[in-house]
Amino acid sequence: MADLKVTIAGVPFQNPLIAASGTFGFGREYAEFYPLSTLGGISCKGITLAERPGNPPPRVTETPGGMLNAVGLQNPGVDHFIKEDLPWLQKQGTVVIANIAGNTPEDYCRMAEKLSYTAVDMVELNISCPNVKQGGVQFGTSCAGVEDITAQVRRFCKKPLMVKLSPNVSDIGEIAAAAESAGADAISMINTLTGMRIDIRTRRPVLRNNTGGLSGPALLPIAVRMVWQAAQRVKIPIVGMGGISKWEDAVELLLAGASALQIGTVFFTDPYAPVKILDGLNQYLDRSGFSSVSDLTGRVCPW
Amino acid sequence: MADLKVTIAGVPFQNPLIAASGTFGFGREYAEFYPLSTLGGISCKGITLAERPGNPPPRVTETPGGMLNAVGLQNPGVDHFIKEDLPWLQKQGTVVIANIAGNTPEDYCRMAEKLSYTAVDMVELNISCPNVKQGGVQFGTSCAGVEDITAQVRRFCKKPLMVKLSPNVSDIGEIAAAAESAGADAISMINTLTGMRIDIRTRRPVLRNNTGGLSGPALLPIAVRMVWQAAQRVKIPIVGMGGISKWEDAVELLLAGASALQIGTVFFTDPYAPVKILDGLNQYLDRSGFSSVSDLTGRVCPW
Amino acid sequence: MKYDTGSCRILEKQQLTVDIYDVTVDAGKLALLAKPGQFVHVLVPGHTLRRPISICGIDRAANTLRLVFQVRGEGTAQLAALNCGDSIDLLAPLGRGFSLGNTGRKVLFVGGGIGVPPLLEAAKPFGENAAVVLGFRSREAVILKEDFEQNGNRVQIATDDGSLGHHGLVTDCMEALEAEHFAFEEVFACGPAPMLKAVIRAAERLGVPCQVSMEQRMACGVGACLGCAVKLRREDGGEYYGHVCKDGPVFRARDIVWED
Amino acid sequence: MKYDTGSCRILEKQQLTVDIYDVTVDAGKLALLAKPGQFVHVLVPGHTLRRPISICGIDRAANTLRLVFQVRGEGTAQLAALNCGDSIDLLAPLGRGFSLGNTGRKVLFVGGGIGVPPLLEAAKPFGENAAVVLGFRSREAVILKEDFEQNGNRVQIATDDGSLGHHGLVTDCMEALEAEHFAFEEVFACGPAPMLKAVIRAAERLGVPCQVSMEQRMACGVGACLGCAVKLRREDGGEYYGHVCKDGPVFRARDIVWED
Ligand SMILES: Cc1cc2nc3c(=O)[nH]c(=O)nc-3n(C[C@H](O)[C@H](O)[C@H](O)COP(=O)(O)OP(=O)(O)OC[C@H]3O[C@@H](n4cnc5c(N)ncnc54)[C@H](O)[C@@H]3O)c2cc1C
Ligand SMILES: Cc1cc2nc3c(=O)[nH]c(=O)nc-3n(C[C@H](O)[C@H](O)[C@H](O)COP(=O)(O)OP(=O)(O)OC[C@H]3O[C@@H](n4cnc5c(N)ncnc54)[C@H](O)[C@@H]3O)c2cc1C
Ligand SMILES: Cc1cc2nc3c(=O)[nH]c(=O)nc-3n(C[C@H](O)[C@H](O)[C@H](O)COP(=O)(O)O)c2cc1C
Ligand SMILES: Cc1cc2nc3c(=O)[nH]c(=O)nc-3n(C[C@H](O)[C@H](O)[C@H](O)COP(=O)(O)O)c2cc1C
Ligand code: FES
Ligand code: FES
């Protein structure tokens with residue numbers, strides 16, 4: 001059995017598989033299937049300063065090899081999270097990551113500050129949510145935007161800070177470099193690509209928000225490419241995600257340059273996916289003679 | 001039977017289905033299956049000023065719901081195309097579109113000039129090919145780049161000029177607007193998104209070019225969204241493509257704002273796809289009481 | 001354990017109408033947990049999202065669940081192509097079912113089209129205390145009539161074209177029952193939104209509570225993704241988005257805020 | 001018509017080794033067009049790209065094609081799960097097969113592992129004029145030995161571990177044949193690249209021409225997408241990319257430029 005432990009920004013994870021924000025709630029529903037300590041960590045549903053009702057339905061729909069969502073950051077607000085969800089979460093034996101989103105830099109800073117004095121292990125800066133009018137992705141699609149917000153939050157955040165990148169950009173490498181230079185301890189990538197489906201019967205967009213974020217297997221080759229490009233530009237660790245549904249996909253993202261992984265949409269297809277992925281990963285490591293999962297990171301040998 | 005005829009930039013097409021560049025060669029191989037007049041038009045394999053050998057293999061691989069290619073614009077050069085391929089093509093009873101790619105603006109201009117005095121019906125400016133080192137996509141991912149190259153080629157091109165957009169951008173609307181303002185007669189979109197696969201056995205990228213362009217069904221929701229966004233910004237017609245594999249997908253892209261369509265990767269799955277798509281489209285139009293396919297263009301009713 | 005996944009063998013399969021199928025699966029322990037009005041989330045191989053289908057019948061002795069579904073798109077078409085002996089992966093049982101209360105009360109079940117199946121198991125314990133009004137497009141679309149009769153329920157059919165039973169709406173039948181002094185104390189309904197709204201209005205007029213089973217597009221099916229929103233009214237009058245898969249699919253009619 | 005698509009029913013299915021399957025399909029008119037060394041492009045439902053599989057046997061009287069394939073990934077695993085009576089969609093026959101020339105000549109066929117199947121139909125008309133050397137990992141991996149013997153060919157087996165036939169390489173057997181004065185005039189080969197290169201070197205040394213069947217990842221299968229490139233040498237010495245699906249899969253060894 002190879003060593004599955006990884007350390008990201010000083011935070012030790014018992015294995016590299018983390019539940020992706022927004023796909024796993026605050027963990028309670030999936031605790032029916034297995035102890036949450038099965039996972040290396042949980043990135044909680046994106047939270048905002050104040051409670052948000054989220055978008056009107058429909059909020060999800062299928063696409064070839066994937067899905068769209070426009071949940072719109074429905075969440076009870078940061079204070080409720082700290083008071084009601086965190087105490088339970090911190091007892092589950094897994095790393096707890098708070099994923100935060102805001103309308104203004106000040107929102108982000110105030111949340112980072114509040115979370116700095118809690119049991120949260122890490123803060124994930126969501127500047128890449130495509131499903132809300134204000135806030136989110138507009139910070140994430142330019143280097144200046146990423147640098148500015150990261151630097152501001154950095155000053156208030158006493159926890160390890162991970163910046164989550166949007167794939168809706170031309171040059172992901174420069175965006176990653178901007179996050180690093182502004183003080184991010186780690187990068188997570190990728191969030192969803194903006195997509196749309198139209199109901200040809202009603203001739204209306206399927207999602208009430210018109211557009212939504214594409215996730216699931218369809219995204220995998222984009223994620224692999226972007227992680228690979230980012231890994232060439234930054235020294236801080238990369239938490240890779242986007243379309244992982246099998247252990248083979250996990251290995252690809254590690255080889256491309258990820259030090260840990262998040263999985264999201266695959267929970268909807270198979271709640272037991274993390275168990276299967278970890279098992280496959282373990283066997284691959286043994287078969288290939290690697291003693292530690294971190295030996296895979298960035299091991300791709302480009303032509 | 002509804003009217004399937006469409007006119008793009010003054011060029012009449014007997015139906016809105018056009019073979020996408022690079023997936024249909026110069027038409028000869030698919031003429032085994034049906035007369036090429038089955039199609040509204042053919043966008044020929046991308047051509048360059050001089051012959052190009054293309055990239056070393058492997059050049060293609062599968063991805064979830066799609067594929068990657070890095071053919072690297074293998075082609076016999078514009079003169080060979082005009083002399084050897086065009087004479088045959090112009091006799092096939094379908095619109096012939098020349099797809100051109102270059103390393104420099106001068107390359108593009110010289111090709112546009114040469115093609116201006118041939119039987120080609122339309123020129124498609126490929127500024128979005130992700131698989132060649134020089135030329136192609138670097139012109140296509142900034143407004144200034146798109147505007148500049150379009151304006152330059154416009155001066156030399158006596159044929160209707162269609163600019164093919166890259167999806168590897170943050171704001172497709174402004175890119176589309178740039179092409180229009182610089183004199184494009186039509187826009188075609190989308191080209192492939194850059195992706196990567198890694199062979200976990202050899203730990204090398206599957207494609208010899210490391211990265212390649214993602215096409216096929218996985219792309220559909222991105223294409224629908226981008227066509228919809230572009231349609232809100234430009235008045236010139238949009239030829240929509242990206243992941244069409246069923247008549248329902250074709251209807252979605254038309255509703256999103258496309259006036260005609262290109263299909264590519266689906267030929268590899270089912271060479272008879274255009275026949276089936278046209279049939280389904282016809283029945284949908286009849287069932288829904290539309291007398292002409294152009295009535296569908298942009299008919300989505302957003303929330 | 002509240003729910004789990006399981007590979008379930010199809011034991012019986014029948015085609016009920018031109019596009020509605022009836023399958024019984026060996027659901028093992030999942031059948032023991034199931035309650036009327038809950039649903040299962042069916043994996044369709046090759047698809048990212050599971051398909052929610054209501055539980056139409058529960059046989060705890062045989063460990064089986066019965067599912068009745070209509071072919072609406074790719075996923076249901078793929079399910080319809082399966083045969084006895086094939087297996088489907090279910091995530092089940094999910095959601096909150098009907099609160100049946102005292103089954104000695106007189107109650108009314110109102111179902112429309114493919115909204116009929118979730119009512120069958122709920123109506124069973126009520127026997128002849130339950131009047132059941134089922135609406136369909138036409139005679140050819142009628143499903144499960146005999147099954148409700150086997151429950152001992154008093155069944156009435158309404159069809160849009162009058163080809164079977166009452167020519168008209170299910171709410172006409174509600175009024176007729178009222179006139180006949182069948183004084184039901186609660187209504188349980190499932191069907192298309194316009195029908196539900198009419199039934200709810202009728203129940204309100206009569207001053208009886210109403211439970212309705214709702215649909216919404218879903219991803220996780222367990223309450224984690226917040227995908228399947230439905231606007232609800234809090235006791236204090238405030239509105240918020242609840243979730244069909246966790247807070248429903250059965251809701252008290254008075255809690256629902258109808259959007260659009 | 002050179003090629004077309006067709007839905008082909010599986011008539012026979014056999015498992016040859018732990019991961020190699022042998023299926024015979026009713027290919028209708030497609031079988032009539034097929035030549036030894038050509039291939040079929042198999043649609044795997046749910047997958048964007050078809051899978052190329054060589055034609056191992058052609059029965060023009062029965063309109064059948066025989067395909068022998070190894071499970072390598074998802075697509076071939078899905079194909080292996082099909083049974084008699086199921087249908088597969090083929091795009092066939094594709095590419096240029098072997099140029100057999102005068103079958104009265106003495107020739108040599110050399111196959112390695114899953115490279116063996118495409119040689120079977122080509123070796124048939126040569127009967128005892130063909131020596132056939134087949135290399136495998138071990139006794140358990142041996143396939144089609146009896147089939148070549150039924151062709152009347154002189155069959156020799158080489159295994160890496162010596163568990164059957166010659167303990168060593170196929171090229172050892174080539175040298176032995178030479179020593180026995182079996183003077184073959186041409187070599188036909190298919191197998192892993194290192195084997196092919198060794199066979200080609202041996203043939204060069206002996207001064208006999210060699211045809212080899214090549215593999216490359218494919219999309220269209222018909223020559224339109226330019227996906228399946230293989231570097232070739234022109235008569236004038238210049239190099240260019242030809243395409244396995246259209247110019248091959250069988251090439252003259254001297255035309256191939258080996259990359260990497
Ligand atoms: C709680 C619940 C119970 C249901 N019970 C039944 C039942 O007992 N019998 C029955 O026939 N149908 C039932 N439905 C509807 C059924 O889920 C859809 O008809 C089915 O998902 C359509 O899938 P498809 O692949 O055929 O259609 P597609 O249109 O190809 O599906 C595309 C996507 O949209 C979703 N979708 C499409 N229509 C619906 C819908 N009406 N509700 C939810 N998601 C939808 C699909 O799940 C899928 O994710 C129920 C829905 C819900 C939410
Ligand atoms: C002309 C030709 C003839 C062939 N004949 C045979 C045969 O008779 N028997 C046999 O067992 N195999 C044959 N192969 C190899 C066979 O095509 C691959 O093993 C098969 O495509 C693997 O598919 P998969 O889905 O199982 O693997 P995956 O790795 O999941 O496939 C992923 C993608 O890579 C492609 N791919 C993977 N390996 C190869 C390969 N070696 N060659 C081409 N494409 C590949 C697949 O087609 C698919 O597009 C032949 C290949 C070619 C090019
Ligand atoms: C329903 C849903 C909700 C999501 N909500 C959030 C969120 O609140 N914050 C965030 O950073 N990412 C959110 N995401 C994005 C995921 O965390 C992840 O980046 C993306 O889904 C790609 O990974 P996957 O393909 O494994 O799902 C959401 C994704 C889905 C499908
Ligand atoms: C093998 C292959 C080669 C391609 N070559 C070109 C090309 O030469 N010029 C070009 O503009 N687009 C090229 N494309 C992109 C297609 O024209 C099209 O934009 C893309 O494939 C999306 O459509 P689809 O999903 O229907 O295939 C190529 C695509 C493929 C798959
Ligand atoms: S489907 Fe995920 S919350 Fe209901
Ligand atoms: S696979 Fe398309 S050219 Fe060979």
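Source: prediction; values computed, not measured. Only this structure's heavy atoms are used, side chains among them; waters, hydrogens and symmetry mates stay out. Here is how names work: the chains are called A, B, and so on, in the same order as the sequence lines, proteins then strands, and each is numbered from 1.
Atom CZ of B:R287 is surrounded by more than 12 heavy atoms from other residues, nucleotides or ligands within 6.0 Å.
Per-residue counts of heavy-atom pairs under 4.5 Å with chain A were compared for B:G243, B:G65, B:P217; the largest is that of B:P217. No other option in B:E248, B:R225, B:M226 has as many heavy-atom pairs under 4.5 Å with chain A as B:R225. Ranked by heavy-atom pairs shorter than 4.5 Å toward chain B, the options A:L253, A:V224, A:D171, A:D249 are led by A:V224. Most heavy-atom pairs under 4.5 Å with chain B: of the set A:S170, A:A223, A:A218, this distinction falls to A:S170. Note on A:S245, A:G66, A:P64: by heavy-atom pairs under 4.5 Å with chain B, the leading option is A:P64.
The main-chain N or O of B:A2 is found under 3.5 Å from a side-chain atom of B:D286 such that the two form a donor-acceptor pair.
In this structure, chain A has heavy atoms under 4.5 Å from both the backbone and the side chain of B:I222. Interface remark: B:L207 contributes backbone atoms only to the contact with chain A (heavy atom separation under 4.5 Å).
Between A:F290 and A:Y284, the ring planes lie parallel to each other; the angle is under 30°, not in the 30° to 60° tilted range.
The line from OG of A:S166 to CD1 of A:I175 is 8.0 Å long, rounded to the nearest 0.5 Å.
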Evaluation steps, side chain to side chain contact (heavy atoms under 4.5 Å, CB included), between A:L255 and B:I200: CA-CA 8 Å; A:L255 292 171; B:I200 64 168; 4.2 Å; yes
Derivation and outcome, side chain to side chain donor-acceptor pair (under 3.5 Å), residues A:S215 and A:T265: CA-CA 6 Å; A:S215 63; A:T265 302; 2.6 Å; yes
